[in-house]
J.: 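Handing you a structure now.
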Amino acid sequence: MEDAMMGIVDDTDGDGRKRVSPGNRDARLGGTDEFVAASWLRSQAAGVSPEGGDIRYIGDVDVASRLVHYAQPVLEKLIEYTEDVPLSVAVSDNKGRVLSRLDTNSTIGALVDTISLAPGFSYAESEVGTNGVGTVLESGRSVHIVGAAHFHERFQKYSCSGAPIRDPLSGHIEGVLDLTCLVEHSTPLLHSFVRSAASTIETALLNDRELNQRILFNAFSKMEAKSRSPLLVAGKNVLISTSKAQKLLDAAEQRIIVQHALYLAERATKATEEIELSPQRIVKIRTTRISSGKSVVGVGVSILDLTTLDVTVRETVAVTVPQFNVVNDSSMCAGRNSVSEPCTELSSVWKSVTSSVRDVVERKESVTLIGERGVGKEKLIRDMVREVHPDVTFIGIEPGFLANDVKTCASSDGSRTVYLILRHPERLTADEILLIKEVLSELNSQENLVGVAAIVTEAESSGSKENHFHRSFRGIFGRSIQVPPLRHRTNDLPYLARHTLSEISGNGVSEISSDALEKLSAYSWPGNITELRNVLSKCLSKKPSGMIEMEDLPTSICLSSIHASGILEHVEREAIVKSLEENDGNRMRAAKSLGIARSSLYRKMKMYKI
């Protein structure tokens with residue numbers, strides 16, 4: 001049996017079997033399945049070995065995340081419903097890292113342990129090839145991969161059914177639900193099971209969003225009663241503001257403030273900072289983190305001062321009735337009306353960070369740059385060092401470095417300036433730390449060391465590892481700078497997209513349409529700048545020249561738009577997207593399954609920009 005739309009391949013005997021050879025590797029598949037063949041080609045291109053190799057252990061995954069919290073009851077219910085079938089039920093995050101797993105019995109548990117389907121291990125398609133987790137993330141749809149359809153030979157005695165778990169408001173994939181059993185216990189019913197269960201988790205996430213909105217409203221009411229200042233309260237996709245704030249700040253300025261405030265709230269309970277809204281307007285804000293348990297729900301922002309050309313803006317009359325707005329994450333530059341217009345100014349968050357980095361470079365201070373994977377930490381420090389010290393020589397050191405190579409670099413003739421970059425310093429062994437200290441001492445004695453930067457990846461470093469790093473290098477790294485993720489600087493998306501596109505196309509003639517930029521700006525970018533570069537590279541591989549349009553973007557980006565104006569609209573949009581997926585894009589069948597007229601479906605697709 002097969003369903004090419006969902007990538008279902010049932011590896012059973014039959015007359016319709018054909019041989020396919022993606023990746024120079026033959027396998028007998030139950031029917032022609034372009035979906036699986038495409039996955040095999042991606043697996044080969046990523047360098048996955050079909051013959052084996054250990055599954056990579058990532059470690060330090062968030063097993064207490066919001067996703068796991070709402071998925072766990074569903075996993076338990078699935079185990080209860082399928083107790084007669086040897087089955088493992090697992091949930092992963094949006095990078096393919098397993099977060100949690102339950103088994104119907106110890107026999108299947110022992111079997112899947114041999115393929116490392118366990119918390120902390122990576123099932124990304126680029127790591128292990130075609131499977132029920134990574135292939136869902138790559139394709140953005142549910143899959144049922146059986147037997148020889150797996151690229152990795154270790155998985156070929158298993159059946160994997162996986163479905164994406166999407167954020168109900170943004171449409172972004174938060175994780176994957178996966179059902180794994182032996183091939184002899186496989187049935188297409190598992191595919192229906194996993195999709196239904198993923199939908200149940202999404203409903204729980206939606207209810208959680210509604211709870212968070214109530215928390216934000218309560219926080220707003222308390223803050224508004226205590227303060228006469230213009231006030232904003234913001235969370236994901238929600239903005240509550242007083243009329244005073246609305247009169248004082250336009251929509252683009254509010255968006256700049258909110259993004260900066262959310263960035264501050266993730267790092268401090270309270271903070272006060274000045275933000276440049278434009279070359280003529282500077283605002284001073286005080287932020288207060290709004291939490292629910294251990295989770296940051298949003299941030300309250302009091303406008304303390306706003307100056308225009310050094311003249312304080314006149315006071316506005318306070319109005320106690322708040323107005324509610326659902327934030328559209330599409331970025332806009334201050335004072336501009338369209339994302340298609342070029343940004344001449346980067347976001348206040350990025351300008352603040354780059355100013356801090358330049359300051360430590362000019363002072364020749366050592367610094368720790370902390371941030372998520374792919375935010376451009378090392379590029380930032382290298383660019384700033386080159387601006388200040390054009391003839392600098394960089395020495396990069398990372399765990400497992402060769403001592404002789406580092407000593408050779410350190411034993412220069414003293415005629416060149418040197419900047420040292422430590423990558424993943426929290427992973428260094430005690431012996432490596434001692435050797436690095438010797439290198440620093442030697443470079444300092446030559447008086448040609450102009451600085452040292454430690455690059456720490458936030459998601460990979462637990463608090464204990466960071467503390468170990470700081471203890472080991474006490475007295476060397478005095479200042480830490482947090483480099484913001486792309487989701488906190490989406491105002492920069494138009495500039496970054498065009499700049500990156502120009503860079504990877506070799507300054508060719510490729511351009512990107514305003515609609516495509518809107519889609520890019522609506523996406524949350526968990527992989528940050530690295531993911532943006534990969535997405536644009538894929539676009540260029542499909543269209544090497546000319547205008548990149550919305551249809552040229554990957555499916556995961558196109559399905560993440562959040563243009564709907566409320567919760568019901570978001571749910572309706574999600575239902576339409578799912579129906580179109582299930583019906584292979586056939587609008588007539590999708591309308592019928594939704595129980596609406598085809599003309600209504602067309603109208604709603606246009607309204608929601610599907």
J.: Is a side-chain donor or acceptor of W525 paired with a backbone partner of P485 at a separation under 3.5 angstrom?
T.: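 No, the answer is negative, given that no donor and acceptor are paired below the 3.5 Å cut-off.
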
J.: With sequence neighbours left out, write down each residue that passes side-chain contact (heavy atoms from CB on, under 4.5 Å) with E83, or none if nothing qualifies.
T.: none

J.: Identify every side-chain donor-acceptor pair in residues 124-134 under 3.5 Å, counting partners at least two apart or on other chains, and give the distances.
T.:
from, atom 1, to, atom 2, distance (Å)
E125, OE1, R42, NE, 2.7
E125, OE1, R42, NH2, 3.3
E125, OE2, S39, OG, 2.5
E125, OE2, R42, NH2, 3.1
E125, OE2, T135, OG1, 2.9
E127, OE1, R56, NE, 3.3
E127, OE2, R56, NE, 2.9
E127, OE2, R56, NH2, 2.7
T130, OG1, S39, OG, 2.6
N131, OD1, V133, N, 2.7
N131, OD1, G134, N, 3.0
N131, ND2, Y123, O, 3.1
N131, ND2, G129, O, 2.7

J.: Does S92 reach the side chain of S122, with side-chain heavy atoms less than 4.5 Å apart?
T.: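 Answer no - side chains too far apart.
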
J.: What do the steps show when you test V375 against H488 for side-chain contact (heavy atoms from CB on, under 4.5 Å), and what is the final call?
T.: CA-CA 11 Å; V375 296; H488 287 314; over 6 Å; no

J.: Quick one: does any side-chain atom of S142 pair with a main-chain N or O of R195 as donor and acceptor, under 3.5 Å?
T.: no

J.: For R598, does the CZ atom have more than 12 heavy-atom neighbours from other residues, nucleotides or ligands under 6.0 Å away?
T.: no

J.: Donor-acceptor check, side chain of R289 to backbone of A265, threshold 3.5 angstrom: yes or no?
T.: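 Yes: the side chain of R289 pairs with the backbone of A265.
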
J.: With sequence neighbours left out, what residues match D62 under salt bridge (charged side-chain N to carboxylate O under 4.0 Å, His left out)?
T.: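 Counting only residues at least two positions away or on another chain, D62 forms no salt bridge (charged side-chain N to carboxylate O under 4.0 Å, His left out).
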
J.: With a 4.5 Å heavy-atom cut-off, do L137 and I173 have their side chains touching?
T.: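 In short, these two side chains touch, coming nearer than 4.5 Å.
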
J.: Under 3.5 Å, side chain of S186 to main-chain N/O of L182, donor-acceptor pair present?
T.: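 No; zero donor-acceptor contacts below 3.5 Å.
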
J.: Roughly how far, to the nearest 0.5 Å, is NE2 of H191 from OG of S161?
T.: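 If I round to the nearest 0.5 Å, the distance is 6.5 Å.
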
J.: Determine, using ring centers only, whether H172 and Y523 are less than 6.0 Å apart.
T.: yes

J.: Step by step, work out the salt bridge (charged side-chain N to carboxylate O under 4.0 Å, His left out) result for R101 and D113.
T.: CA-CA 11 Å; R101 191 193 89 205; D113 278 344; 3.0 Å; yes

J.: In Å, rounded to the nearest 0.5 Å, how long is the span from SG of C160 to CD1 of I115?
T.: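 It is 6.0 Å, given to the nearest 0.5 Å.
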
J.: If every non-hydrogen atom of R66 is compared with every non-hydrogen atom of L205, which pair is closest and at what distance?
T.: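 Of all heavy-atom pairs spanning R66 and L205, the closest is NH2-O, 3.2 Å.
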
J.: Scan residues 62-81 for pairs that pass ring-ring contact (aromatic ring centres under 6.0 Å, His included), counting only residues two or more places apart or in two chains.
T.: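 Every pair satisfying ring-ring contact (aromatic ring centres under 6.0 Å, His included) with a residue in residues 62-81: there are none.
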
J.: Does the D93 side chain pair with the main chain of G96, one donor and one acceptor, at a distance under 3.5 Å?
T.: yes

J.: Answer yes or no: is there a side-chain heavy-atom contact under 4.5 Å between H185 and S159?
T.: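 H185 vs S159: side chains apart.
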
J.: Closer than 3.5 angstrom, by distance alone: can the side chain of N586 be matched with the main-chain N or O of R589 as a donor-acceptor pair?
T.: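 Yes; judged by distance alone, with no hydrogens or angles, the pair exists.
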
J.: When you compare the side chain of L102 with that of E76, does any pair of heavy atoms fall below 4.5 Å?
T.: yes

J.: Kindly indicate whether the side chain of F193, heavy atoms from C-beta on, has any atom under 4.5 Å from the side chain of L78.
T.: yes

J.: Ignoring hydrogens and angles, state whether a donor on the side chain of D178 or T180 is under 3.5 Å from an acceptor on the partner side chain.
T.: yes

J.: What is the distance from atom CD of E174 to atom CD1 of I201, rounded to the nearest 0.5 Å?
T.: 11.5 Å

J.: Going through the distances and angles, do L580 and I576 end up as a side-chain contact (heavy atoms from CB on, under 4.5 Å)?
T.: CA-CA 6 Å; L580 287 168; I576 291 172; 4.0 Å; yes

J.: Can you list everything that forms a salt bridge (charged side-chain N to carboxylate O under 4.0 Å, His left out) with E266? Sequence neighbours excluded, please.
T.: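 So E266 forms a salt bridge (charged side-chain N to carboxylate O under 4.0 Å, His left out) with R487.
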
J.: So which atom in V535 and which in P554 form the shortest heavy-atom distance, rounded to 0.1 Å?
T.: CG1-CD, 3.7 Å

J.: Quick one, V349 with I256, criterion side-chain contact (heavy atoms from CB on, under 4.5 Å). Give me CA distance, side-chain angles, the key distance, then yes/no.
T.: CA-CA 9 Å; V349 174; I256 292 171; over 6 Å; no

J.: Does any part of the side chain of I290, heavy atoms only, come nearer than 4.5 Å to the side chain of I215, both counted from C-beta?
T.: yes

J.: First locate atom CD of Q259, then atom CG of D492, and finally report the distance between them rounded to the nearest 0.5 Å.
T.: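 Between atom CD of Q259 and atom CG of D492 there are 8.0 Å.
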
J.: If you round to the nearest 0.5 Å, how far is CD1 of I257 from CG of L264?
T.: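 One gets 11.5 Å once the value is rounded to the nearest 0.5 Å.
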
J.: Please lay out, stage by stage, how L99 and S65 fare under the test side-chain contact (heavy atoms from CB on, under 4.5 Å).
T.: CA-CA 9 Å; L99 301 175; S65 68; 4.2 Å; yes

J.: Ignoring hydrogens and angles, tell me if any N or O in the side chain of S537 forms a donor-acceptor pair with the backbone of R533 under 3.5 Å.
T.: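 Yes: the side chain of S537 pairs with the backbone of R533.
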
J.: Less than 4.5 Å apart, side chain to side chain, heavy atoms only: is that true for V89 and L177?
T.: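 Yes, side chains in contact.
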
J.: Can you tell me how far the CD atom of Q72 sits from the CG atom of L67, to the nearest 0.5 Å?
T.: 10.5 Å

J.: Could you pull out the closest heavy-atom pair between P484 and W350, with the gap in Å?
T.: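 P484 and W350 have their closest heavy atoms at CG-CE3, 4.0 Å.
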
J.: Please answer whether the main-chain N or O of E273 pairs with a side-chain N or O of R286 as donor and acceptor at a distance below 3.5 Å.
T.: no

J.: According to salt bridge (charged side-chain N to carboxylate O under 4.0 Å, His left out), who are the partners of E184, at least two apart in sequence or on a separate chain?
T.: none

J.: Does a side-chain heavy-atom distance below 4.5 Å link L216 with V297?
T.: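 In short, these two side chains touch, coming nearer than 4.5 Å.
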
J.: Looking at N105, D103, T104, which one forms a side chain to side chain donor-acceptor pair (under 3.5 Å) with S88?
T.: D103

J.: Got a donor-acceptor contact below 3.5 angstrom from the H152 side chain to the R154 backbone?
T.: yes

